[in-house]
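These numbers were taken from a predicted model, which means no experiment stands behind them.
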Amino acid sequence: MERKHMSALSIYQSLSGGAKPEVQTKAPPAKKIKKKENGIQLNKKSNKKKRMKPLKSHMRPSSSEKEKSKGENDCETDDGEGFVSPALGTLLTDLAKVNNSRDRANRLFQWLLHPVQEKSFLRDNWEKKPMLIQRQKPDYYKGLFSTAEFDQILRNENVQYGVNLDVTSYTNGKRETHNPPGRALPYTVWDFYESGCSLRMLNPQAFSSTVWQVLSILQEKFGSMAGANVYLTPPGTQGFAPHYDDIEAFVVQLEGKKHWRVYNPRCEDEMLPLVSSPNFSQNEIGQPIMDVVLEAGDLLYFPRGFIHQGDCLPDVHSLHITVSSYQRNSWGDLLLKLMPAALEIAMEEDVEFRKGLPLDYLQFMGVQNSEKEDPRRDKFNAHVQGLMKKLIHFAPVDAAVDQKAKDFLHDCLPPLLNAEEKAGSVYGAPARWGDGEALDVAVELKKQTQIRLMRAGAARLCSDGDTVCLYYTTENSRVYHKEEPKNTEMKAEHIDAMEFLIHSYPKYVSVASLPCETAEAKMSLAELLFEKGLIRTAEPLTAE
């Protein structure tokens with residue numbers, strides 16, 4: 001394939017020098033919530049005293065053991081204007097048939113926000129102000145997660161305190177964590193819950209395939225890691241102190257009800273913060289701009305920096321999942337990647353950046369000299385400003401974006417594949433053990449085999465010094481950063497073809513059409529990508 005532009009290899013090498021229903025957006029009238037003076041009320045069904053110590057031997061089994069698991073609701077909901085919003089199970093089944101993973105992400109995000117349109121949300125609320133959607137449809141998010149699933153995970157999975165689960169309380173203005181060491185077993189966990197403690201599951205996507213699937217789709221929408229925490233709170237209690245977070249938060253109410261108060265950032269310095277806040281006392285945060293009760297099927301969004309706190313009503317528990325994104329994904333974070341690389345290039349290519357500092361600059365610059373009126377200070381500062389203006393001409397913006405992209409690909413969840421995708425990938429290859437030997441190993445790609453990437457964002461070419469590497473997500477863990485970043489160094493003969501394959505998505509292309517100079521190079525690239533689960537074939541492969 002003839003290319004009329006600079007080869008991909010040349011481009012990446014040139015970068016290597018610096019490549020390291022009811023919707024509310026304002027507060028409704030405040031609702032009066034009766035609470036005990038200390039802010040926490042124990043479950044009325046439990047006569048036990050609040051226990052924050054190790055398990056007592058006489059504790060009875062949790063009443064949650066009697067809860068029956070309910071099947072997923074397959075009903076659909078109508079917004080009254082003719083648009084039918086499918087239940088989650090139906091939606092995910094339909095999304096599996098969507099050819100382009102970016103289109104899947106758009107559709108899932110719109111379902112999350114329905115009936116608010118994505119365009120208006122991004123214009124009016126994103127990074128600006130909170131938004132409340134009250135649907136009066138308790139089953140809208142049914143199937144995403146439940147207390148029954150929470151219980152099953154505790155019974156069947158190795159859930160560790162402090163790693164996968166936090167036990168918390170907030171009483172008399174004091175936030176406490178009550179994690180014992182070791183595995184979180186139902187007998188202890190549900191006793192904590194009965195005693196008035198909140199339960200926070202830190203990475204539900206590691207245990208729930210549905211949460212994994214939803215987050216792995218949404219991460220392509222955000223271009224940033226999509227994470228989640230699940231919060232189960234007993235009636236009449238509060239698990240966390242007022243605080244703000246460093247993420248964009250989508251609070252999805254799954255069961256019961258929860259009373260939320262949201263407050264403006266206290267000052268401009270706390271708008272869109274880089275890190276989460278410490279716990280605040282009530283007298284530090286002023287009056288809420290939003291005071292609402294979320295019911296099952298409702299959604300509350302608030303940007304990073306908005307202070308919030310939630311407590312349960314006296315007569316009902318709450319289960320919600322917070323979907324989060326955009327942590328450390330600001331212009332400033334990009335510039336942190338860009339500026340060191342720009343300086344390195346500028347010092348190599350422009351003698352002005354290599355000239356020595358004035359012999360006497362320590363005599364008039366620095367904090368101890370900052371109050372001096374000295375013309376040398378003005379001249380020095382002016383020269384620094386001039387160098388800063390020149391620096392932009394050396395800024396390798398694309399290379400810096402690739403550095404951000406590498407971080408994102410490390411953060412990503414691996415894709416959850418459906419049966420059709422598995423059948424056309426290495427995950428569905430017929431290789432097996434039988435009759436004392438390895439069988440059906442000889443699956444062959446042919447020059448006419450039609451292939452494409454598994455997902456639009458599953459792989460990216462990035463320069464790494466003098467080499468070009470392919471970073472990818474398919475071998476990532478469902479546990480955040482459990483694995484090292486996945487990448488493979490690309491041969492020069494493969495780089496143009498890899499770029500071609502990335503840009504061809506979602507179309508299938510034949511192995512023969514890959515722009516490599518030899519048939520052997522085309523086949524070796526296809527085999528490499530197949531073995532790493534990065535491509536699928538249009539038709540299932542069979543053993544020769």
Side-chain angles (χ1 to χ4, degrees), residues 3 5-20 100-102 105-106 122 126-127 216 218-227 246-248 272 274 304 324-349 388-413 415 453-474 476 480-481 484-490 494-505 534:
R3 295 175 66 100
H5 61 284
M6 192 175 183
S7 76
L9 175 59
S10 298
I11 292 173
Y12 290 108
Q13 287 177 334
S14 71
L15 296 176
S16 64
K20 301 223 170 166
N100 191 327
S101 61
R102 291 194 179 101
N106 288 331
L122 294 177
W126 178 252
E127 293 191 319
S216 67
L218 286 178
Q219 67 193 10
E220 285 203 56
K221 178 64 181 179
F222 295 124
S224 177
M225 184 188 75
D246 59 348
I247 46 88
E248 301 299 299
L272 304 179
L274 297 177
R304 55 196 190 276
S324 62
S325 191
Y326 255 57
Q327 186 178 51
R328 301 308 299 255
N329 204 44
S330 67
W331 284 103
D333 291 301
L334 175 62
L335 290 175
L336 287 173
K337 303 282 189 183
L338 179 62
M339 297 307 288
L343 277 171
E344 185 177 340
I345 296 171
M347 292 177 73
E348 290 178 356
E349 298 184 5
M388 294 292 288
K389 289 179 181 179
K390 290 186 70 175
L391 194 60
I392 186 61
H393 301 295
F394 302 97
V397 178
D398 285 322
V401 168
D402 281 346
Q403 298 302 310
K404 282 287 295 173
K406 286 160 59 175
D407 292 343
F408 169 50
L409 292 175
H410 188 203
D411 295 343
C412 276
L413 287 164
L453 284 181
M454 191 64 74
R455 295 284 188 274
R460 185 182 185 94
L461 288 166
C462 298
S463 58
D464 277 344
D466 295 331
T467 63
V468 179
C469 289
L470 183 71
Y471 285 78
Y472 56 95
T473 67
T474 51
N476 284 359
Y480 177 72
H481 283 193
E484 293 298 315
K486 303 300 180 182
N487 69 87
T488 184
E489 184 176 338
M490 300 297 289
H494 289 158
I495 294 174
D496 278 14
M498 189 67 232
E499 191 176 87
F500 169 75
L501 193 58
I502 291 172
H503 292 159
S504 296
Y505 184 88
L534 277 168

Item to check | Any donor-acceptor N/O pair, Asn476 side chain to Cys412 backbone, under 3.5 Å | outcome: yes
| Is the Trp126 ring parallel, tilted or perpendicular to the Tyr326 ring (thresholds 30°, 60°)? | perpendicular
Interatomic distance, CD1@Ile345 vs CD@Glu348, rounded to 0.5 Å, equals 7.0 Å
Taken in chain and number order and not counting sequence neighbours, the residues that satisfy side-chain contact (heavy atoms from CB on, under 4.5 Å) with Ala458 are Arg455, Thr473, Leu534
Hits for side-chain hydrogen bond (donor to acceptor under 3.5 Å, both in side chains) against Lys404, two or more places apart or cross-chain, chain-then-number order -> none
Across all chains, not counting sequence neighbours, the salt bridge (Lys or Arg N to Asp or Glu O under 4.0 Å) partners of Arg304 are Glu127, Glu248
Contacts of Thr488 meeting side-chain hydrogen bond (donor to acceptor under 3.5 Å, both in side chains) (sequence neighbours excluded), chain-then-number -> none
**Prompt:** Does some side-chain heavy atom of Leu453 sit less than 4.5 Å from a side-chain heavy atom of Met498?
**Reply:** yes
Sorted by chain and number, sequence neighbours left out, side-chain hydrogen bond (donor to acceptor under 3.5 Å, both in side chains) with Arg102 holds for none
Between the CD atom in Glu344 and the CD atom in Glu349, the distance rounded to the nearest 0.5 Å is 10.5 Å
By ring-ring contact (aromatic ring centres under 6.0 Å, His included), His503 pairs with (sequence neighbours left out) none
Heavy-atom closest pair (Leu413 atom, Ser216 atom, distance to 0.1 Å) is CD1-N, 4.0 Å
Sorted by chain and residue number, the ring-ring contact (aromatic ring centres under 6.0 Å, His included) partners of Tyr480 (sequence neighbours excluded) come out as none
Separation between CG (Asp466) and CD (Glu489), nearest 0.5 Å, reads 10.0 Å
Closest non-hydrogen atoms of Leu461 and Val468, given as atom of the first, atom of the second and distance, are CD2-CG1, 4.0 Å
In this structure, CG of Leu334 is separated from CD of Gln403 (nearest 0.5 Å) by 10.5 Å
(message) Quick check against the 3.5 Å criterion: does Ser325 have a side-chain atom that pairs as donor or acceptor with the backbone of Met225?
(response) yes
When rounded to the nearest 0.5 Å, the distance separating CG of Leu391 from CE of Met347 is 11.0 Å
Mind checking whether Leu470 and Arg460 have side chains closer than 4.5 Å, heavy atoms only?
no
Between Cys462 and Lys406, the two heavy atoms sitting closest are SG-CG, 3.6 Å
Sorted by chain and residue number, the salt bridge (Lys or Arg N to Asp or Glu O under 4.0 Å) partners of Asp333 (sequence neighbours excluded) come out as Arg328
Sorted by chain and residue number, the ring-ring contact (aromatic ring centres under 6.0 Å, His included) partners of Phe394 (sequence neighbours excluded) come out as Phe353
Sequence neighbours excluded, the answer for salt bridge (Lys or Arg N to Asp or Glu O under 4.0 Å) partners of Asp407 is Lys337
Taking side chain as C-beta onward, heavy atoms only, is Tyr471 less than 4.5 Å from Asp464?
yes
Residue set satisfying side-chain hydrogen bond (donor to acceptor under 3.5 Å, both in side chains) with Tyr505, at least two apart, ordered chain then number -> Ser101
Smallest heavy-atom separation, Leu409 atom then Gly457 atom, equals CD2-O, 3.5 Å
Sorted by chain and number, sequence neighbours left out, side-chain contact (heavy atoms from CB on, under 4.5 Å) with Glu484 holds for none
In this structure, CG of Asp402 is separated from SG of Cys469 (nearest 0.5 Å) by 11.5 Å
